[in-house]
Amino acid sequence: MKQVLQNLKTGQVRVEELPSPVLRSGGILVRTAASLVSAGTERMLMTLAKKGLLGKARERPDLVRKVLAKLRRDGFLATFAAVREQLDREIPLGYSVCGEVIGVGAGVREFSVGQRVACAGAGYANHAELNYVPRLLAVPVPDGVSTEAAAYTTVGAIALQGIRNAQPQMGETVVVIGLGLLGQLAVQMLKASGCRVVGLDVASGRIDLAAAQGADLALDVKAEAVAERVRQFTRGRGADAVLITAATASNAPVELAAELARDRARVVMVGVTGMTIPRKPYYEKELTFIVSRSYGPGRYDPEYEEYGHDYPPGYVRWTENRNLEAFLDLVAAGGVRPEALTTHRFPIAEAEKAFAMILRGREPYLGVVLTYPQRIEPQPAGPIVLRSAALPRSTGTVGVSFVGAGSFARAVLLPHLAKLPGVALRGIVSASGISARSAGKKFGFAYCASGPQQVLDDPETDAVFIVTRHSQHADMACQALAAGKAVFVEKPLAVSLEQLQRVREAFLEPPLSRGDESRSDGSSSGPEEKGTAPPDSCSLPPASRGLMVGFNRRFAPLARTLKEFAAGRGPMMVHYRCNAGQIPTDHWLASAEEGGRIIGEACHFFDFFQYLTDSEPLEVYASAPGDGASADEAQATVTFRDGSVCHLLYTTQGPASFSKERIEVFAAGRVGVLEDFRLLWLESDGGRRQRRRLFRADKGHAAELASFIGALRNGGSMPIPLESLFWTTLTSLAAVESLRRRAPVELATLMPTVKDRLAATSGLALT
């Protein structure tokens, strides 16, 4: 399918071919008929992307502060690589579309196949032939509303939310500063609600259009005596409310609003302008200034937008979903006429021309609509070929595919993996297909797809890397194991006891036969490209299926030195402090279904305890500050079979500028201190001291991947014993259980059934 993408580094906008999005539970699959280009917002994105690093920094000082904190903690090279990776990406454009439902996910009852819908949301309502949209970001289109008019729904809802914040009453006078799309729609809706409307702009064409669409007074904002004209129109009182819908870096709209408003009026910022509020006029009139947040309550709340948890109308009458409905009702009733604002129409294949026109600004434009062919169908099984597969693979080469193409995969795993000999990068998968295509082209994958079945069916794929959200790791690992693949799971392995049990059992089950490489419908299982030779099978040494979890810290060079220093010196006392830092409340990791950060990240440190002690954990006792119920912050004491006692302090309360990780090991007259995997102090009996420092922090990612690939190529055992992976995951789960119980938890009591089965069936005894 075709989709509009923008490169964050260069600002270039292109129409690219991408795999169709996957239908998920809680949402719908929509065949797009029309999408609206939000010229102001999308022009701003293009302009920002075309700026250099300094220009981008001036626009986003909040991100600069994060970069500086990382620079102090991790050094220049790591910070530079992270910034470069963030910029070297493609993002989807668009957030307001109309189309037809062609697929309904589980749990969705409001929609049916064939229904027309208007959809909202950046990242969902894209300029694309097909879109997956969560249910609360879509609404039915009433009969009588054209497809083009419905494509304006999101922008209309933004203007409507601004009006709601202004709280106008019938008969009041509202001034609208800026007569672009938002301003024009606001003028129409205010007139439909019985208000007297004044429209102000600098463009004569937009002023005339506002007058034609119902503005009682439409003026050039730069004309003389504008304030006097408004004062006369309001019978000397001033405006009851002012909506600022302009897009400019100037502070003039905020200053003008104060001049035009009456005493104790309301000023609402809907657009993007300078926001230095002059104290004197706002103080003297006791004005209320409100910044309207997009298109209503629910915006930026993942529980609402992604997971479909609606707000009760008795408590929140107008959510973003209900604002979308209300706008369409106004269009259906004839009070709002969006099509009157359309100045240009482009087919999706020529979208680049539309954005070039907007960026140049050489001709007047207002509503720019993209149109779409109506025969596009979802092709979940069809990958997008990124490079020719004509060359046969050499013997001993490991075919690697990725499920997940997020920041960690692109910034950490793939750069190291691409440097290893004997690796053939096959398929890369992401739900939308965008990040998969971007990373696939950058690192040289053979194809990209939006569904994992492609890589599971691919006979050229020997190992599957799972780098998705934490809640998806276990199920995806089970599927890959069943397909006979070696599996590398970026931590954690599981987020619940049930998931961990399923992974264990999947490892014991024999894999599905790989001899039949055709689908039940007779089609080929691997991606094909016209004119290329069929793939040759890789001849790896025979070995059992491998399972590896990304516990990289045990592979760090200074960690190995620390272990050798303390080895053989009896039970240890270990303290591990992690200054993890806070995450935004709307971050995906903050969702309850992801298991929390003790399971999601602290598992790294529980694994490190096993690595140092070479022993099995027996008991965990965890506590947390406050009410003690947090799954994101805790201190945990782990006792081991050899008598070692290891303590973890995992906190989110420290500043980001402070060091992240510090490990102190005490073992029979020896002390080792490792700081951020960059600086190591060793001290032994007699005061003998050693100090080792690396130029940049090395947390073991490169060595970890080399060990995993080497084991597959040579037919050896996995770098981390299987039972150790299970014990580490169980330790993390036990820590959270200890927080809940407020008591110590013995690990062996959590999964006795699986423990016994492993001992009887496979020899993987968890003693």
Side-chain angles (χ1 to χ4, degrees), residues 36-44 96 149 152-166 168 172-193 195-223 226 229-230 233 239-250 252-257 260-261 265-275 290-295 323 327 330-331 335-343 358 361 364-369:
L36 177 69
V37 178
S38 178
T41 300
E42 296 182 47
R43 187 178 191 278
M44 179 181 66
S96 189
Y152 281 78
T153 300
T154 306
V155 178
I158 294 172
L160 179 56
Q161 178 63 14
I163 292 171
R164 294 198 193 284
N165 280 315
E172 286 191 330
T173 300
V174 181
V175 173
V176 180
I177 301 177
L179 296 173
L181 279 180
L182 285 172
Q184 297 286 348
L185 291 171
V187 166
Q188 295 186 32
M189 284 187 280
L190 286 164
K191 285 301 297 179
S193 63
C195 292
R196 304 174 77 228
V197 184
V198 178
L200 304 177
D201 203 283
V202 295
S204 58
R206 295 184 178 187
I207 295 170
D208 294 341
L209 179 60
Q213 295 302 313
D216 299 283
L217 183 64
L219 303 172
D220 187 333
V221 72
K222 292 184 177 180
V226 168
R229 293 281 302 275
V230 173
F233 182 75
D240 298 288
V242 180
L243 288 184
I244 302 175
T245 53
T248 174
S250 170
V254 171
E255 298 170 2
L256 179 61
L260 302 180
R266 300 168 297 280
V267 178
V268 180
M269 175 66 72
V270 185
V272 181
T273 77
M275 280 183 55
I290 300 173
V291 179
S292 186
R293 186 173 65 183
S294 200
Y295 36 100
N323 273 339
F327 175 79
L330 288 170
V331 176
V336 179
R337 300 164 296 280
E339 288 170 300
L341 309 181
T342 301
T343 58
I358 292 170
Y365 62 85
L366 191 57
V368 179
V369 175

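Residue numbers start at 1 and run along the sequence shown. What's counted below: heavy atoms across the whole structure, side chains too, no hydrogens, waters or symmetry copies.
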Which pair of heavy atoms, one from [X] and one from [Y], lies closest together, and at what distance?
{"X": "Leu160", "Y": "Met189", "result": "N-CE, 3.7 Å"}
{"X": "Leu366", "Y": "Thr343", "result": "N-OG1, 2.9 Å"}
{"X": "Thr273", "Y": "Ala246", "result": "CG2-O, 3.5 Å"}

Who passes side chain to side chain contact (heavy atoms under 4.5 Å, CB included) against [X], sequence neighbours left out?
{"X": "Arg229", "answer": "Leu217, Leu219"}
{"X": "Ala252", "answer": "Ser250"}
{"X": "Ala257", "answer": "Ile177, Val242, Ile244, Val267, Tyr282"}
{"X": "Ala149", "answer": "Val145, Ser146, Val331, Pro338, Glu339"}

Once rounded to the nearest 0.5 Å, what's the spacing between atom [atom1] of [X] and atom [atom2] of [Y]?
{"X": "Tyr152", "Y": "Leu181", "atom1": "OH", "atom2": "CG", "answer": "6.0 Å"}
{"X": "Leu190", "Y": "Thr173", "atom1": "CG", "atom2": "OG1", "answer": "10.5 Å"}
{"X": "Thr245", "Y": "Ile158", "atom1": "OG1", "atom2": "CD1", "answer": "12.0 Å"}
{"X": "Leu341", "Y": "Gln188", "atom1": "CG", "atom2": "CD", "answer": "5.5 Å"}

query: Counting only N and O atoms by type, is there a donor-acceptor contact under 3.5 Å from the side chain of Arg266 to the main-chain atoms of Ala166?
result: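 Such a contact is found between Arg266 side chain and Ala166 backbone.
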- prompt: Does Asp201 reach the main-chain N or O of Leu179 with its side chain, forming a donor-acceptor pair under 3.5 Å?
  reply: yes
[Y] and [X], any side-chain heavy atoms less than 4.5 Å apart:
{"X": "Asp216", "Y": "Val198", "result": "no"}
{"X": "Val254", "Y": "Met269", "result": "yes"}
{"X": "Leu185", "Y": "Phe327", "result": "yes"}
{"X": "Leu256", "Y": "Val175", "result": "no"}
{"X": "Ile163", "Y": "Val174", "result": "no"}

Which residues pass the side-chain hydrogen bond (donor to acceptor under 3.5 Å, both in side chains) test with [X], sequence neighbours left out?
{"X": "Asp220", "answer": "none"}
{"X": "Asn323", "answer": "Gln161, Arg164"}
{"X": "Ser96", "answer": "Thr154"}
{"X": "Ser294", "answer": "Arg299"}

- prompt: Among Leu243, Leu182, Val268, which residue meets the side chain to side chain contact (heavy atoms under 4.5 Å, CB included) test with Ser292?
  reply: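 Output: one option passes, namely Val268.
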Just distance, no hydrogens or angles: give the donor-acceptor pairs under 3.5 Å from side chains in residues 205-213, sequence neighbours left out.
| unit_1 | atom_1 | unit_2 | atom_2 | d |
| --- | --- | --- | --- | --- |
| Arg206 | NH2 | Tyr365 | O | 3.0 |
| Gln213 | OE1 | Arg337 | NE | 3.1 |
| Gln213 | OE1 | Arg337 | NH2 | 3.2 |

